[in-house]
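We count ligands from 1, going down the list as the structure has it; atoms in each ligand are counted the same way. Since the structure is predicted, the reported quantities are computational estimates derived from the model, not experimental observations.
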Amino acid sequence: MPIKLLDPKVVSLIAAGEVVERPASVVKELVENSLDAGSSQISIEVRGGGVGLIRVTDNGTGIPSDEVELAFDRYATSKIGNVDDLESISSLGFRGEALPSIAAVAEVDIVTCAVGESVGNYLSLKDGAAANKASQGRPQGTTVTVRGLFRKVPARLKFLKTPATENSHIANVVSQYALTFPEVKFDLLIDGRAALRTPGSGRLIDTVTQVYGLEVAQNMLEIGGGDKEWESGAATSSLSVTGMVGSPAITRSNRSYLSLFVNRRWISSRLLAWAVEQAYHGLLMQGKHPVAIINISLPPEEVDVNVHPTKTEVKFQNEHIVFGAVQKAVRRALIEMAPVPKIEEVATTYGAPSRTRPVLRTSPIGGDSPITSPAIPQTPVVALPVLRILGQLLSSYIIAEGPDGLYLIDQHAAHERILFEKVKDQRLRQEIEIQGLLEPVTFEVNPKQEEVLKFHSEDLAEFGFSIESFGDRTYLVRAVPALLYQKDWAGMVRELLDSLSGGDKRDWREEIAISMACHSAVRAGQTLTDDEMRDLIRQLEQAALPHACPHGRPTMIRLSSAQLRKEFGRS
Ligand code: ADP
Ligand code: MG
């Protein structure tokens with residue numbers, strides 16, 4: 001085939017492909033336009049996974065009647081005027097590509113009424129060209145309707161996923177913009193069903209409640225944004241980091257709950273996601289990821305948004321400064337959440353802590369196994385102060401007094417944390433205490449359990465289980481970890497075999513340790529003696545991560561002296 005210039009129509013389709021990859025990209029571009037138009041209310045209606053219909057209605061500035069057609073010309077934009085403007089972009093759009101790109105791959109119509117105009121305008125387009133125009137009444141704002149997306153681009157259509165998947169991408173786009181514009185009221189209707197509705201109150205926490213639910217919202221911590229100036233050598237930039245992060249109690253198994261915004265633009269950045277996760281170092285279990293909404297604002301000239309057609313990638317002038325600022329801001333929010341003084345700081349008031357001294361009791365509470373001296377903890381992230389025990393509540397919680405208020409400690413969660421660290425530590429040192437059974441016990445498994453057991457029998461052996469095949473899906477257990485002796489170790493092993501398939505060894509070891517800790521820990525509802533409570537708290541003080549159980553749930557709640565005074569109306 002000889003070389004020839006591509007038909008302009010083909011060129012526009014290729015360019016459109018970069019901007020309009022799937023229905024969610026159309027939603028993103030239209031919502032960005034509505035936000036750029038200063039709207040306080042945006043509703044999005046979607047049918048058939050976005051292929052049938054996408055309609056975005058706003059109450060923004062609208063498009064003046066003599067500019068409506070022009071808005072659909074390629075590279076027509078009201079947002080930048082010249083090349084210099086590209087260096088300090090403060091709007092979400094600036095390429096003038098979205099409307100023409102969408103019109104190239106779908107049937108589009110628009111009804112818009114600009115500020116100061118008494119009547120609105122209607123324009124419909126077919127194959128990217130104006131087909132019908134008329135005056136039409138409507139209040140100030142714009143409605144763009146997109147139908148039959150990719151109907152004429154079967155290659156694109158083929159790559160779309162099920163309507164449910166496309167809907168989930170759309171819901172995600174709207175959620176992200178709702179999170180970064182809490183003052184805007186968003187309404188998302190999917191096939192007639194209200195999928196998301198935000199109040200537009202201006203308070204991020206209200207939007208978080210709608211997007212992620214009450215449980216997450218109740219566990220969010222505000223990022224201060226206090227320090228606005230960050231300096232590094234000669235380069236000084238003024239940048240602020242605000243938003244909210246989830247406490248380590250509400251982790252997720254993937255990174256899709258980590259949202260990053262730069263000057264209110266939703267971006268993806270592996271580096272900044274890494275900065276956030278770094279701030280959680282030591283607080284999250286392996287494979288767990290935080291919930292976070294991070295708003296970075298900095299002078300527009302210090303960030304280049306013109307890197308990629310979809311505008312989701314940005315380039316910072318001083319990447320390392322932004323990285324540091326994000327990490328520091330998140331870390332501070334997390335530490336302030338648990339502002340428990342370091343043990344050293346209170347040692348003088350409360351006597352020397354028994355940090356490395358062996359615990360003297362010969363048996364742990366609720367357990368039957370002998371106890372050895374606890375391992376020297378790894379660098380504690382947030383150490384626990386020495387606590388004075390006041391009593392037990394509901395046979396489940398220990399009430400204690402610390403240098404800065406009242407502590408309610410969940411006895412099961414706390415004991416789980418202690419045992420989890422102990423088990424992991426003993427396995428590493430190959431010092432798991434084993435208890436031989438007087439007589440071997442037979443243990444039957446189902447076919448699926450057997451597959452997992454075969455794959456992981458060595459891991460179980462490392463933790464003290466001596467299990468050998470007896471044929472016919474029956475196994476002989478000769479010894480178990482001392483911690484589980486006289487506990488329901490068979491139930492624990494069965495649960496473990498059911499909950500997991502043959503997979504990553506590292507995760508499996510973690511799971512075994514968690515499971516052992518959970519099954520041997522003191523239960524809720526179990527009355528403890530003063531000695532037992534004291535022993536548990538002393539061990540908790542020595543834990544590397546005393547504030548969360550291995551499942552990530554909190555082990556304690558603290559009511560600070562200041563809070564107490566406030567509650568009782570004292571200053
Ligand atoms: P860009 O957003 O990059 O400028 P678009 O193709 O998305 O390019 O839009 C072209 C122009 O149409 C915008 O610059 C803006 O002036 C106008 N426009 C589009 N949507 C709206 C809207 N919802 N409200 C007001 N003006 C709009
Ligand atoms: Mg745009």
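Less than 6.0 angstrom separates the ring centroid of Y257 from the ring centroid of Y212.
Judged by the shortest distance from any of its heavy atoms, G62 lies inside the 4.0 Å radius around the atoms of ligand 1. Contact analysis puts K79 in contact with ligand 1, with a non-hydrogen atom separation below 4.0 angstrom.
For the Mg ion (ligand 2), the set of nearby N, O or S atoms under 2.8 Å includes none belonging to T77.
Every atom of ligand 1 is numbered from 1 in the order shown, and the set under 4.0 Å from a heavy atom of A37 is 24 (N), 25 (C). Taking a cut-off of under 4.0 Å to the non-hydrogen atoms of P100, the atoms of ligand 1 that pass are 6 (O). In the vicinity of A76, heavy-atom distances shorter than 4.0 Å reach the ligand 1 atoms 10 (C).
In terms of polar-atom proximity, defined here as any N/O pair under 3.5 Å, G96 does make such a contact with ligand 1. Between D58 and ligand 1, at least one pair of N/O atoms sits closer than 3.5 Å. Among the atoms of G93, none of the N or O lies under 3.5 angstrom from an N or O of ligand 1. Considering both main-chain and side-chain atoms, T77 comes within under 3.5 Å of ligand 1 through a nitrogen or oxygen pair.
Within a 6.0 Å sphere centred on CD1 of I205, heavy atoms belonging to other residues, nucleotides or ligands number more than 12.
In terms of protein heavy-atom proximity, atom 18 (N) of ligand 1 is nearest to I63 CD1, 3.5 Å. From the protein, the heavy atom lying nearest to atom 12 (O) of ligand 1 is A71 CB, 3.5 Å. The nearest protein atom to atom 21 (C) of ligand 1, hydrogens excluded, is given as N33 CB, 3.8 Å; this is a heavy-atom distance. For atom 22 (C) of ligand 1, the closest heavy atom belonging to the protein is T142 OG1, 3.8 Å.
Here E45 pairs with R47 in a salt bridge; the nearest charged N to carboxylate O distance falls below 4.0 Å.
For atom 16 (O) of ligand 1, the candidate residues are S78, A114, A98; the nearest heavy-atom contact is made by S78.
Between F323 and L271, the closest side-chain pair of non-hydrogen atoms falls below 4.5 Å.
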